[in-house]
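Whatever order the structure lists ligands and atoms in, that order sets their numbers, starting from 1.
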Amino acid sequence: MRAALKRLVADLLGGNEMKFCGRAHRRVRGLLGRAILVAAACLFAAQFVAQNAWAGETTQKVVNKAPNGLAQTPPMGWNSWNKFACNVDEKTVRAAADAMVTSGMKDAGYEYVVVDDCWQGPRDANGFITANPVKFSSGIKALSDYVHSKGLKFGIYSDAGRETCDGFSGSQGHEYQDAMTYARWGVDYLKYDWCETGSRNGEEAYAVMADALRSTGRPIVFSMCEWGVSKPWLWARNVGNLWRTTGDIRDSFDKWDPKNQFVHPLLEILDQNEPLWSFAGPGHWNDPDMLEVGNGGMTTAEYRAHFSLWAMMAAPLMAGNDISNMDESARSILTNKDVIAVDQDQLGVQGHRVAKDGDKEIWMKPLAGGGRAVLLFNRGATPVNITVDNDDLGYASTMRARVRDLWTHKEVGNWKGSYSATVEPHGVVMLRLNP
Ligand code: GLA
């Protein structure tokens, strides 16, 4: 009965409730017992929809909300969108997998190779999703096998609506079928977007796909991409492993695109994601969107700041550049193991801003073992001197620690209650204090 209800609810959430109830009614005509079951299910479903229209409470009862145990540290990998958008094909993805190994990114901890929107072809006669036959002519299973052969994991993209943001078939009404397909293809990570969702309730829509993924029995990291619309940090802890908190990132430190208000410069994204720090933790992360490092719109200092700030915020580190053709500057930023260790710290606490004086900011992230990552951040266009002290870090005056500079990779002495440094425009000094 529970399973039948669940299946019905899945159909229903795809907007197929009337069709289902009509179809089911025809099928069970004359069979009283089954008719009662269907009537009860349709009644339950109607209530489900009614309740979810305003609260999503019923979702909590229907869907298994135990954590899936994945992403105990923020996921790291590469995603095709920021650089290639819809110009993605299997050659590009294979090249990214190759480069992840040869560039040293795999050694530095990067793991997931994720194909974003535009991989899809039509659905077949039975409603199963297929890959674009020209761009992905070898098929997704072969691509996933290739990525796995490199010791990496494979990710894919879909959408909770009828269509994806670029107009391909979304998963609404096909959630269980798509999850099954992904599992068959060996998918390890699903990014699930929010276009063309009409009046769907975010909480129920994501809970259904979470349940569909779980029911495949394959461990699949669930990356929710509803841009913070329904405040996922309040309810998605055991639904997704990460949730976008903002619209899309733009490859600019502080400039808006007047023609596209959905893309935001780095500083905007930062200020939206920072206050949410208390909602992140092992298995469930705030996602301020993928990295722009290496895409050409920012200076080296700005890209260093971008990478450092994402690490301070325990953000997923998904490279978004052409990693098979990147220069040494981008490569060395993306593979800075000292900074990555801050992002991946086992304590899993998102760092936040602890002091601000105009363009001068101090950020702190508590680390396992009592250490602290400290970021001195200059938002302004001229060099500034920034001083951090015990009070900023919540340290007692007796605190002793060694201090390491995470961009010069040098030990810079012992902590004496404060530390001062000159910080370049739009730049950072990033430290690690080890008691
Ligand atoms: C949305 C998402 C992006 C990307 C595109 C694909 O804008 O936020 O990250 O996935 O859709 O169409």
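Counting atoms of ligand 1 from 1 in the listed order, those under 4.0 Å from a heavy atom of D116 are 4 (C), 6 (C), 10 (O). Distances below 4.0 Å separate heavy atoms of R244 from the following atoms of ligand 1: 8 (O), 9 (O). Of all atoms in ligand 1, listed by their number and element, those nearer than 4.0 Å to a heavy atom of W227 are 2 (C), 8 (O). For ligand 1, the atoms sitting less than 4.0 Å from at least one non-hydrogen atom of C165 are 1 (C), 11 (O), 12 (O), numbered in the order shown with element in parentheses. Close approach to K191 involves these atoms of ligand 1, each under 4.0 Å from a residue heavy atom: 3 (C), 4 (C), 9 (O), 10 (O). Of all atoms in ligand 1, listed by their number and element, those nearer than 4.0 Å to a heavy atom of D117 are 6 (C), 12 (O). For ligand 1, the atoms lying closer than 4.0 Å to a non-hydrogen atom of C225 are 2 (C), 8 (O).
No side-chain donor-acceptor contact under 3.5 Å links W233 to the backbone of W285.
Residue D289 places no N or O, backbone or side chain, under 3.5 Å from any N or O of ligand 1.
Aromatic rings from F154 and Y189 are positioned such that their centres are separated by 6.0 Å or more.
When the heavy-atom distances from atom 8 (O) of ligand 1 to D193, D248, N79 are ranked, the shortest goes to D248.
Partner of W310 under the side-chain contact (heavy atoms from CB on, under 4.5 Å) criterion, chosen from L266, V339, V342: L266.
In this structure, K356 places its NZ atom where more than 12 heavy-atom neighbours from other residues, nucleotides or ligands lie under 6.0 Å away. Taking a 6.0 Å sphere around NZ of K231, one finds it holds 12 or fewer heavy atoms contributed by other residues, nucleotides or ligands. Under a cut-off of 6.0 angstrom, the local environment of NZ in K153 is sparse, with at most 12 non-hydrogen atoms contributed by other residues, nucleotides or ligands.
Contacts classified as side-chain hydrogen bond (donor to acceptor under 3.5 Å, both in side chains) and involving residues 260-270 (residues at least two apart or in different chains) are given here: W256-E268.
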